[in-house]
Amino acid sequence: QVQLVESGGGSVQAGGSLTLSCKASTSISTFNAMGWYRQAPGKQRELVATIARGGRINYSDSLKGRFTISRDVAKATVYLQMNSLEPEDTAVYYCNADGRLKLTMPGNYWGQGTQVTVSS
C-alpha cells in the first residue's frame, strides 16, 4: 500500500507564505498524477493543484498565481508553495497520488493531511 506523508503546515498571518511537502513511500513516477487538495470545516474537499507524470500542471482557477506545485522525483516528494495566504485558505491540505489508470494495482491514495491556519 502506498503511504503519503504531508508536512509543513502551521499557522501564519495573512499575506505570509508556507511550503508543504508530500513524501511518498514509492517513486512518484509510478502515478499518473500527484496533487494537492484541501478541505475546510463543513466543506467538501477541493482541488488545489495537480502535476501529471509528464509534467502537465493544473491549478484551481482561484489559486493560480499564488500557489505553485512542484516535484522532486529523486526525493519522491511533491511540494506546494503557498504565497499571499488569506484566511480563506485555512484548511486541512491533503496530498493525493492518482494511480487509477495504472495497468497493475490501480489505486487512488491520500495522505493524512496537514493543517494550515491563516489569521487576519
Side-chain angles (χ1 to χ4, degrees):
Q1 189 174 17
V2 175
Q3 291 184 314
L4 304 172
V5 180
E6 301 99 332
S7 62
S11 298
V12 65
Q13 292 183 334
S17 299
L18 286 173
T19 299
L20 307 182
S21 298
C22 171
K23 173 72 173 178
S25 62
T26 187
S27 173
I28 60 175
S29 65
T30 299
F31 303 101
N32 305 110
M34 302 291 296
W36 288 96
Y37 294 73
R38 69 184 185 183
Q39 187 168 21
K43 295 186 177 181
Q44 296 183 14
R45 192 169 299 183
E46 64 178 354
L47 168 72
V48 175
T50 61
I51 181 166
R53 182 165 59 184
R56 186 174 185 177
I57 293 173
N58 181 49
Y59 293 102
S60 168
D61 289 341
S62 64
L63 300 177
K64 188 175 183 179
R66 295 196 297 120
F67 289 15
T68 303
I69 189 170
S70 62
R71 65 185 177 186
D72 187 329
V73 175
K75 295 181 179 179
T77 301
V78 179
Y79 304 96
L80 183 69
Q81 175 66 48
M82 305 185 294
N83 298 321
S84 301
L85 285 163
E86 304 168 356
E88 293 74 22
D89 296 318
T90 296
V92 178
Y93 285 71
Y94 296 92
C95 183
N96 171 256
D98 185 352
R100 292 173 292 175
L101 299 181
K102 291 175 62 179
L103 296 178
T104 58
M105 293 183 291
N108 192 38
Y109 304 96
W110 296 92
Q112 82 289 344
T114 185
Q115 177 72 46
V116 172
T117 302
V118 185
S119 62
S120 60

If you measure only the distance, is there a donor-acceptor pair under 3.5 Å linking the side chains of [X] and [Y]?
X: Gln39; Y: Glu46; answer: no
X: Thr19; Y: Gln81; answer: yes
X: Ser17; Y: Asn83; answer: yes

Can you tell me how far [atom2] of [Y] sits from [atom1] of [X], rounded to the nearest 0.5 angstrom?
X: Leu47; Y: Asn58; atom1: CG; atom2: CG; answer: 5.5 Å
X: Gln1; Y: Tyr109; atom1: CD; atom2: OH; answer: 7.0 Å
X: Arg71; Y: Ser29; atom1: CZ; atom2: OG; answer: 8.5 Å
X: Asp72; Y: Lys23; atom1: CG; atom2: NZ; answer: 8.5 Å

Side chains of [X] and [Y], heavy atoms from C-beta outward: is any pair under 4.5 Å?
X: Thr50; Y: Ile57; value: no
X: Lys102; Y: Thr30; value: yes
X: Val116; Y: Met82; value: yes
X: Glu88; Y: Thr90; value: no
X: Asp89; Y: Leu63; value: yes
X: Trp36; Y: Ile69; value: yes
X: Glu6; Y: Gln112; value: yes

Minimum heavy-atom separation for [X] and [Y], please, with both atom names.
X: Val2; Y: Leu4; result: CG1-CD2, 4.1 Å
X: Ala14; Y: Ser120; result: CB-CA, 4.4 Å
X: Val12; Y: Leu85; result: CG1-CD1, 3.5 Å
X: Trp110; Y: Asn108; result: NE1-ND2, 3.6 Å

Is a side-chain N or O of [X] found less than 3.5 angstrom from the main chain of [Y], in a donor-acceptor match?
X: Thr77; Y: Lys75; answer: yes
X: Asn32; Y: Leu101; answer: yes
X: Ser60; Y: Val48; answer: no
X: Arg38; Y: Ala91; answer: no
X: Arg53; Y: Ile28; answer: no
X: Thr114; Y: Gly9; answer: yes

- prompt: Does any pair with a residue in residues 61-113 pass disulfide (SG to SG under 2.5 Å), and if so which ones, sequence neighbours excluded?
  reply: Cys22-Cys95
Cluster check [X], [Y]: I/L/V/M/F/W/Y, side chain < 4.5 angstrom:
X: Tyr93; Y: Val118; value: yes
X: Phe67; Y: Ile51; value: yes
X: Val5; Y: Val78; value: no

field: Check against side-chain hydrogen bond (donor to acceptor under 3.5 Å, both in side chains), Tyr37 and Arg45
entry: CA-CA 6 Å; Tyr37 294 73; Arg45 192 169 299 183; over 6 Å; no
Under the ring pair (Phe, Tyr, Trp, His ring centres under 6.0 Å) test, residues paired with Tyr59 that sit two or more places apart: none
